[in-house]
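Scroll down for the structure; my scribbles are underneath it.
Naming convention: chains lettered A, B, ... in sequence-line order (proteins, then strands); numbering from 1 in each chain.
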Amino acid sequence: MPKRLTKRFFDRSVHEVAPDLIGATLLVNGVGGRLIEVEAYHQTDPAAHSFRGPTERNAVMFGPPGYAYVYRSYGIHWCLNFVCEAKGSASAVLIRAIEPTVGLAAMRRRRGIADERLLCSGPGRLCEALGITRAHNGLALDDPPFRLLARDGEAEVLTGPRIGITKAADKPWRYGEKGSRFLSKPFAAAATAIY
DNA sequence: TGCCCGATTAACT
DNA sequence: GTTAATCGGGCAA
């Protein structure tokens, strides 16, 4: 049986946690799937919400690791992050894509579409499919409604530039499963492979 | 206070 | 390829 991820798993550099999450299973109230694509953000990173210090929105990022940071994107969508590293380092992993495996009917109903590939491929889309809202901000990742299971075996992970940012756009802090059709965008052919 | 810009998405031309 | 939807934060006035 796959191992549950605890708060200790997240108490490491965000750049170690991010690739380790690829292939792990995320369920919210029993609905979800396999993590396919994530991005790392750190307080020293100009693209991070925490870069300019704590605000009401990003307060969870400044707390202990192993908790969910959920924020409103473009005033419309929700986006889910996992807080990493020791309290105060204000780093987090943005969850960008999931391969839906459990609760397909619930996800299709929430998204209003049938196409499996588009159910959870994108940070806003997966939050809609999993029913994630502001109510999940600050909740522990090792307790219900969350359920996180370590990946079973190895994964081929690619890295490349993050999506949709203008600051620090050159940093290769996007991580994703090689060849997955559930990526929000494919990786460049020259993307570095790590395991 | 007002204005601009986003870690986005779907529906346009 | 372009644009609307819509809200929190940053910053100028």
- [ ] Please work out whether the ring planes of A/His15 and A/Trp173 are parallel, tilted or perpendicular, with thresholds of 30° and 60°.
- [x] tilted

Between [N] and [M], how far apart are the two [atom1] atoms, rounded to whole Å?
| N | M | atom1 | result |
| --- | --- | --- | --- |
| C/dT3 | B/dC5 | C1' | 16 Å |
| B/dC4 | C/dA4 | P | 15 Å |
| C/dC11 | B/dA7 | P | 14 Å |
| B/dT13 | C/dA5 | P | 15 Å |
| B/dC12 | C/dT6 | P | 15 Å |

- [ ] Quick one, give me the B/S/- string for nucleotides 3-13 of chain B, reading 5' to 3', where B means a protein heavy atom under 4.0 Å from the base and S means that only happens at the primed atoms, P, OP1 or OP2.
- [x] ---BBBSS---

Task: C/dT6 pairs with, by Watson-Crick or G-U criteria that keep both distances under 3.5 Å - done: none

Task: Residue matched to B/dA7 through Watson-Crick or wobble contacts both under 3.5 angstrom - done: none

- [ ] Identify the residue among A/Leu183, A/Val38, A/Ile163 that makes a side-chain contact (heavy atoms from CB on, under 4.5 Å) with A/Arg96.
- [x] A/Ile163

Task: Partner of A/Tyr41 by side-chain contact (heavy atoms from CB on, under 4.5 Å), out of A/Val14, A/Val93, A/Ile165 - done: A/Ile165

TODO: Kindly confirm or rule out a cation-pi arrangement of A/Arg117 over A/Phe182, judged by NZ or CZ under 6.0 Å from the six-membered ring centre and within 45° of its axis?
DONE: no

Task: Ring-face cation of A/Arg72 near A/Trp78 (centre distance under 6.0 Å, axis angle within 45°) - done: yes

Task: Which residues share a side-chain hydrogen bond (donor to acceptor under 3.5 Å, both in side chains) with A/His49, sequence neighbours left out - done: A/Tyr69

